[in-house]
Novice: 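The following block contains the structure, expressed as structure tokens.
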2 protein chains.
Amino acid sequence: MSTHVRRAPAKKALPHPDLREIPVHLVLRALGEPLRLGIVRSLARAGRPMNCSSFGLSVSKSTSTYHFKVLRESGVISQFEEGTSRYSELRETELEQRFPGLLTAILAAEEPAAAE
Amino acid sequence: MSTHVRRAPAKKALPHPDLREIPVHLVLRALGEPLRLGIVRSLARAGRPMNCSSFGLSVSKSTSTYHFKVLRESGVISQFEEGTSRYSELRETELEQRFPGLLTAILAAEEPAAAE
DNA sequence: GCAGTGGTACGTTGAATCTCGTAGTACGAA
DNA sequence: TTCGTACTACGAGATTCAACGTACCACTGC
């Protein structure tokens, strides 16, 4: 017999790595891809969790799932489910603690006029 | 009839990209590889140009040539020839100007005890 | 001249990465 | 229940990357 408790449309957490165990080259590699860097830029601009589908990425759904997974597994973002959709959020504070100044410097970088 | 001028064992320059044209994700990708990051760490520690063969890399000669080329083409290092060997040097000042704080933050990052 | 040193260029191989389609789950609304 | 939405997991193909061996070049010393 199962419980009567009805789950609230709760934030269900997903497994996230401990940032202390992430070597810096993994983070660099994760951000060394234009699409993923764009996602991170959007998240930083927004300053709050964003629905995966609200990025307007010009790739298929499965491709964006893949990139979000890479970002999550390298400790850059965290994700949680709420209702029917999944939200992503920059792990800004933790990143700043683990790699001081790194994210700031990357986000501050301007793209060249003709970005390759 | 050719010239009598004997070339001094001059620093012959190699082609290097203009950092203003380098998007940040290229630099991140270049540094997102453990071997290349190790090279950059060594150069930063040394604080002066280093002979390619003095890094003690545990890969073949052609592999290290490949990695040095990647670093050079992404604007991270410069190389010049002097006599019979080729020296590599961090483009520290230029990088700091183009991406303020980036290199510092990356070099400051400590590796986890059990780096993957 | 010849051999050794220090490096590049090229081609290849195997692994990783990126992209996608398909199929499937979980939820909310009609 | 049926539909649509939002997303995942899996498998496959194409492309890129990392590592290597070989051949080669330029220079030094004998």
Side-chain angles (χ1 to χ4, degrees), chain A residues 2 5-16 23 25-40 49-74 76-89 116, chain B residues 2 6-16 25-40 49-74 76-89 116:
Chain A
S2 57
V5 180
R6 176 190 292 276
R7 278 182 199 286
K11 305 194 177 188
K12 205 166 83 179
L14 288 157
H16 294 97
H25 79 256
L26 271 194
V27 174
L28 299 179
R29 166 163 304 190
L31 299 180
E33 212 275 343
L35 194 74
R36 290 195 291 260
L37 188 55
I39 291 173
V40 169
M50 276 177 78
N51 190 314
C52 289
S53 64
S54 62
F55 286 92
L57 303 176
S58 55
V59 292
S60 74
K61 278 202 294 183
S62 39
T63 300
S64 58
T65 296
Y66 163 73
H67 285 297
F68 279 107
K69 189 177 167 192
V70 172
L71 286 172
R72 176 165 44 90
E73 291 182 345
S74 57
V76 178
I77 64 171
S78 62
Q79 296 185 293
F80 59 89
E81 296 178 350
E82 200 170 63
T84 176
S85 56
R86 178 172 290 200
Y87 287 83
S88 298
E89 182 171 24
E116 288 163 80
Chain B
S2 56
R6 175 192 292 277
R7 278 182 201 288
K11 304 192 179 190
K12 205 166 82 179
L14 289 158
H16 294 99
H25 78 256
L26 271 194
V27 175
L28 300 179
R29 167 165 303 191
L31 299 180
E33 211 275 344
L35 194 75
R36 291 196 290 262
L37 187 54
I39 291 173
V40 169
M50 277 177 77
N51 190 312
C52 291
S53 63
S54 62
F55 287 90
L57 302 176
S58 54
V59 292
S60 73
K61 276 200 297 182
S62 39
T63 300
S64 58
T65 296
Y66 162 71
H67 285 297
F68 280 107
K69 189 176 167 192
V70 173
L71 285 172
R72 175 165 44 92
E73 291 182 346
S74 57
V76 178
I77 65 171
S78 62
Q79 296 185 293
F80 59 89
E81 296 177 350
E82 200 171 65
T84 177
S85 55
R86 178 172 289 202
Y87 287 83
S88 299
E89 183 172 22
E116 289 162 79

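Sequence lines set the chain letters: A, B, ... in the order given, protein chains first and strands last, and positions in each chain run from 1. Remember, predicted model here, so these are calculated numbers, not experimental data.
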Novice: Rounded to whole angstroms, how far apart are OH on B/Y87 and C1' on D/dC27?
Specialist: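 It is 14 Å, rounded to the nearest whole Å.
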
Novice: To the nearest Å, how far apart are B/L31 CG and D/dC17 P?
Specialist: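 Distance check: B/L31 CG to D/dC17 P gives 15 Å.
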
Novice: Return the minimal non-hydrogen interatomic distance between B/Q79 and B/H16, and the atom names on each side.
Specialist: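 Nearest heavy atoms, B/Q79 then B/H16: N-NE2, 2.9 Å.
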
Novice: Can you tell me how far C1' of C/dA16 sits from CG of B/L35, to the nearest Å?
Specialist: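 After rounding, the gap between these two atoms is 17 Å.
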
Novice: Using a 4.0 Å cut-off on heavy atoms, which residues in residues 49-68 of chain A reach DNA chain C? List them by number, or say none.
Specialist: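 Those residues are A/V59, A/S60, A/S62, A/T63, A/Y66, A/H67.
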
Novice: With sequence neighbours left out, write down each residue that passes side-chain hydrogen bond (donor to acceptor under 3.5 Å, both in side chains) with B/R29, or none if nothing qualifies.
Specialist: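 B/R29 satisfies side-chain hydrogen bond (donor to acceptor under 3.5 Å, both in side chains) with no other residue.
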
Novice: To the nearest angstrom, how far is B/H25 atom NE2 from C/dC18 atom P?
Specialist: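 Roughly 11 Å, once rounded to whole Å.
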
Novice: Can you name the closest pair of heavy atoms from A/L28 and B/G32 and give their distance?
Specialist: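 Closest heavy-atom pair between A/L28 and B/G32: CB-CA, 3.9 Å.
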
Novice: How long is the line joining CZ of B/R86 and C1' of D/dC25, in whole Å?
Specialist: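 After rounding, the gap between these two atoms is 12 Å.
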
Novice: Would you mind reporting whether B/S88 and B/R72 have side-chain heavy atoms less than 4.5 Å apart?
Specialist: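 Contact flag for B/R72/B/S88 side chains = no.
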
Novice: Does A/R36 place a side-chain N or O at less than 4.0 Å from the phosphate oxygens OP1/OP2 of C/dC18?
Specialist: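 The answer is yes; a side-chain N or O of A/R36 sits under 4.0 Å from OP1 or OP2.
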
Novice: Select from B/R29 and B/T84 the residue whose nearest nucleotide in DNA chain C is closer to the 5' end of that strand.
Specialist: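 Counting from the 5' end, the first nearest nucleotide belongs to B/T84.
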
Novice: Quickly work out the B/L37 CG to D/dA18 C1' distance and round it to whole Å.
Specialist: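 In whole Å, D/dA18 C1' lies 16 Å from B/L37 CG.
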
Novice: Can you check whether A/C52 reaches A/F68 side chain to side chain, under 4.5 Å on heavy atoms?
Specialist: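 The answer is yes, as the side chains (C-beta and beyond) meet within the 4.5 Å cut-off.
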
Novice: Measure from the side-chain N and O atoms of B/H25 to the backbone N and O of A/L35, and report whether any donor-acceptor pair falls under 3.5 Å.
Specialist: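 No; judged by distance alone, with no hydrogens or angles, the pair does not exist.
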
Novice: Take atom CD of A/E33 and atom P of D/dT15, then tell me their distance rounded to the nearest Å.
Specialist: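 Going from CD in A/E33 over to P in D/dT15 covers 16 Å.
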
Novice: Can you measure A/R72 atom CZ to D/dC7 atom C1' for me and round it to whole angstrom units?
Specialist: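 The distance from CZ of A/R72 to C1' of D/dC7 comes to 12 Å, rounded to the nearest Å.
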
